[in-house]
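Read the structure below first, then the notes.
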Amino acid sequence: MSATSPTRPPATLNISNEVIIQLINVNKWYGEFHVLKDINLTVRKGERIVICGPSGSGKSTAIRCVNRLEEHQRGQIIVDGTELTGDVKHIEHVRREVGMVFQHFNLFPHLTVLENCALAPMWVRRLPRKEAEAIAMKYLERVKIPNQAMKYPGQLSGGQQQRVAIARSLCMNPKIMLFDEPTSALDPEMIKEVLDVMIELAREGMTMLCVTHEMGFAKTVANRVIFMDGGEIIEENEPVEFFTHPRSERTRLFLSQILHH
Amino acid sequence: MSTPTPLPELPPPVINVGILGWLRRNLFSSPGNTALTLLAIYLLYLAIPPILRWVLLDADWRGTTRQDCTSQGACWVFIKVRFDRFMYGFYPEPERWRVNTVFLLLVLGIACLLIKSFPRKLWVGTFLLLIYPVIGFHLFSGGSFGLPVVETSQWGGLMLTLIIAGVGITTALPLGILLALGRRSQMPIIRAICVTFIEFWRGVPLITVLFMSSVMLPLFLPEGVNFDKLLRALIGVALFQSAYMAEVVRGGLQAIPKGQFEAAAALGLGYWKMMGLIILPQALKLVIPGIVNTFIALFKDTTLVIIIGLFDLLSTVHNAATDPNWLGFAIEGYVFAAAVFWLFCFGMSRYSQNLEKRLQTGHNR
């Protein structure tokens with residue numbers, strides 16, 4: 001069906017031909033500063049894409065444009081058949097289908113873990129409380145912390161909080177998951193528990209866009225790696241090629257910097 | 001090498017725990033501290049007995065006229081005789097059961113809300129906010145259900161103080177929240193309106209507001225149109241306090257990290273759900289001290305209505321003290337007024353502390 005690499009079977013798992021995200025010549029400025037320059041990206045359903053690049057390269061901004069946390073000024077972004085414009089209806093429709101996990105978790109500290117997860121199904125999907133809580137428990141079990149359901153986020157470790165954040169997004173049953181440096185704020189011993197959840201999710205065929213510096217994760221999970229620098233997509237390749245034979249000098253430099261310490 | 005046996009856990013030294021420990025830590029931790037403690041005890045020794053004697057031991061409690069006040073202490077007879085006036089102002093005596101009913105309902109309602117395990121708090125709250133004011137208004141002013149009309153000019157005393165404070169508090173908070181949200185709005189026109197409103201009301205002294213409402217406003221109204229004086233004062237107080245409240249709430253909104261807005265938006269929550277479910281609960285919790293501060297200030301500021309001729313608790317006390325029959329007992333009157341105000345303000349303050357503790361969710365950002 002799609003371009004496959006026989007050595008890495010998971011890479012092709014569940015990828016269909018259906019295009020789910022399309023960025024066409026997307027440009028964005030912060031004041032005078034040109035953050036995104038002609039970004040073109042097509043994501044098919046079931047793809048796992050890792051975006052990396054030095055800080056300030058626009059990688060976070062790029063994925064934040066996909067659910068309109070950032071507004072793009074020129075070009076087109078089409079998510080799940082809906083184009084993102086100023087129309088609030090369209091934006092809310094897209095956000096219902098796109099889950100997002102943040103670097104700093106951003107759990108709601110005044111609500112329990114269970115309430116954090118059940119909130120959106122109740123208030124956005126309009127499910128009755130019982131049903132929403134059942135869904136929340138299901139996903140909390142999947143991220144392996146059902147026993148923390150009644151605690152408040154402030155009582156959990158960083159790794160647990162990030163897993164709750166993933167569960168919270170999954171409760172909306174999204175078609176796409178965005179990860180914005182999900183492990184950068186975690187202590188080293190907690191990174192693995194979060195990555196394990198993400199790998200599990202990838203195996204199940206979730207479409208994932210992931211900004212991360214976890215190159216091990218990119219190698220095992222991604223079917224495509226994108227390197228951004230200075231607001232542009234410099235290189236796009238499948239992971240093995242990307243890491244072993246980077247095409248551009250900038251990619252090579254970047255990889256040598258992050259892999260050598 | 002043998003494994004070391006763990007040391008047994010010993011109780012802490014007697015001098016560090018219990019009352020002795022507390023005394024040592026807090027009162028006698030250093031020579032300077034000890035000296036201050038002793039000085040404070042001496043000052044208390046000087047101050048408390050005379051106060052106690054005046055208020056309780058030497059005070060007069062029985063009787064109906066000033067001739068009954070013969071001792072050196074306070075003449076509480078004065079308060080006793082004038083008590084009904086202090087509570088109800090000139091509200092006609094046979095109709096006072098109406099006032100009592102309204103406040104009894106309020107006390108019952110609030111008690112239901114305060115009792116943790118009470119079911120259907122939402123209903124009680126809705127009743128208090130929506131239906132109760134209507135009942136209260138009709139009972140107070142009469143004119144329906146065969147109740148005789150009581151003009152607002154006859155309302156007075158603590159009853160009037162509580163009405164002004166109650167209306168002020170229950171309108172200032174929601175209005176203040178809306179203004180605070182408006183001031184942070186993306187829409188320039190709404191923002192401009194809110195900023196202008198807040199800055200106007202905050203820049204004017206409350207006395208001026210009250211004066212304008214009672215003296216100037218009638219000049220601008222067409223002939224024959226007449227607002228009730230109390231209503232004008234209520235609107236003035238509510239708008240004035242809502243401007244303060246708006247800034248307190250805005251302080252809370254600004255303390256909420258951007259990530260909370262983003263996480264709520266990313267889940268697909270619209271503006272009002274985001275604010276109502278995620279942002280405001282956290283922001284208001286942060287500014288409970290500020291909100292209660294404003295409430296307390298509002299409660300005490302109600303005494304300013306004296307200048308437009310409304311008789312709140314303080315002005316009834318003031319009037320009674322100038323009564324020729326009771327000349328010379330102003331101190332008792334003001335002490336009584338102060339005690340009543342203090343009781344209400346302290347109550348609010350304690351409740352807010354309790355609320356803060358209850359809303360603590362074991363995190364510190």
Side-chain angles (χ1 to χ4, degrees), chain A residues 60 63-64 66-71 86 88-89 91-113 115-126 150-156 161 164-165 168-174 176-180 185, chain B residues 116 119-123 177 181 184-190 249 251-291 352 354-365:
Chain A
S60 280
I63 73 160
R64 286 158 62 88
V66 173
N67 67 349
R68 192 82 171 185
L69 286 184
E70 303 281 355
E71 200 179 319
V88 180
K89 283 252 151 37
I91 295 172
E92 284 179 8
H93 171 77
V94 166
R95 284 176 179 168
R96 277 199 287 273
E97 307 303 331
V98 179
M100 185 160 199
V101 175
F102 300 86
Q103 183 178 1
H104 295 289
F105 333 134
N106 297 350
L107 293 177
F108 307 131
H110 61 302
L111 301 175
T112 62
V113 164
E115 288 167 335
N116 262 280
C117 295
L119 183 113
M122 272 172 70
W123 291 92
V124 180
R125 294 253 187 257
R126 297 176 186 287
M150 290 307 157
K151 287 195 182 168
Y152 286 97
Q155 297 164 316
L156 305 186
Q161 289 193 44
V164 173
R168 178 176 70 177
S169 292
L170 292 177
C171 284
M172 283 294 283
N173 199 13
I176 302 159
M177 284 287 284
L178 307 175
F179 293 85
D180 188 1
Chain B
K116 249 190 207 152
R120 304 199 186 277
K121 280 196 177 153
L122 198 67
W123 290 103
I177 291 172
L181 291 177
R184 285 168 57 91
S185 163
Q186 307 281 326
M187 289 174 268
I189 295 177
I190 293 191
V249 173
L253 289 175
Q254 269 169 349
I256 304 300
K258 204 169 147 233
Q260 294 288 310
F261 292 85
E262 289 177 349
L267 284 172
L269 294 170
Y271 178 82
W272 291 106
K273 281 180 190 159
M274 177 198 304
M275 287 301 163
L277 296 167
I278 308 298
I279 306 302
L280 281 173
Q282 296 183 59
L284 293 179
K285 187 180 99 183
L286 282 177
V287 294
I288 287 174
I291 291 174
S352 86
N354 178 287
L355 197 62
E356 274 179 72
K357 212 176 284 171
R358 202 147 30 105
L359 294 177
Q360 184 67 34
T361 53
H363 83 98
N364 282 309
R365 251 192 304 272

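Heavy-atom basis, side chains included; hydrogens, waters and symmetry copies ignored. Throughout, a chain's letter reflects where its sequence line sits, starting with A, and its residues are numbered from 1.
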Does atom CZ of Arg358(B) have more than 12 heavy-atom neighbours, drawn from other residues, nucleotides or ligands, at distances under 6.0 Å?
-> yes
Heaviest contributor of heavy-atom pairs below 4.5 Å to chain B, chosen from Asn67(A), Leu119(A), Val101(A), Asn106(A), is Asn106(A)
Of the backbone (N, CA, C, O) and the side chain (C-beta and beyond), which part of Phe102(A) lies under 4.5 Å from a heavy atom of chain B, both, or neither?
-> side chain
Distance-only donor-acceptor hits, side chain of residues 262-281 of chain B, under 3.5 Å, sequence neighbours excluded:
from      : atom 1 : to        : atom 2 : distance (Å)
Glu262(B) : OE1    : Arg64(A)  : NH1    : 3.1
Glu262(B) : OE2    : Arg64(A)  : NH1    : 3.4
Glu262(B) : OE2    : Arg64(A)  : NH2    : 2.5
Glu262(B) : OE2    : Lys258(B) : NZ     : 3.4
Lys273(B) : NZ     : Trp123(A) : O      : 2.8

Quick one: of His104(A), Arg168(A), Met100(A), who has the most non-hydrogen atom pairs under 4.5 Å with chain B?
-> Arg168(A)
Pair listing, salt bridge (Lys or Arg N to Asp or Glu O under 4.0 Å) test, anchored in residues 94-103 of chain A, at least two apart | none
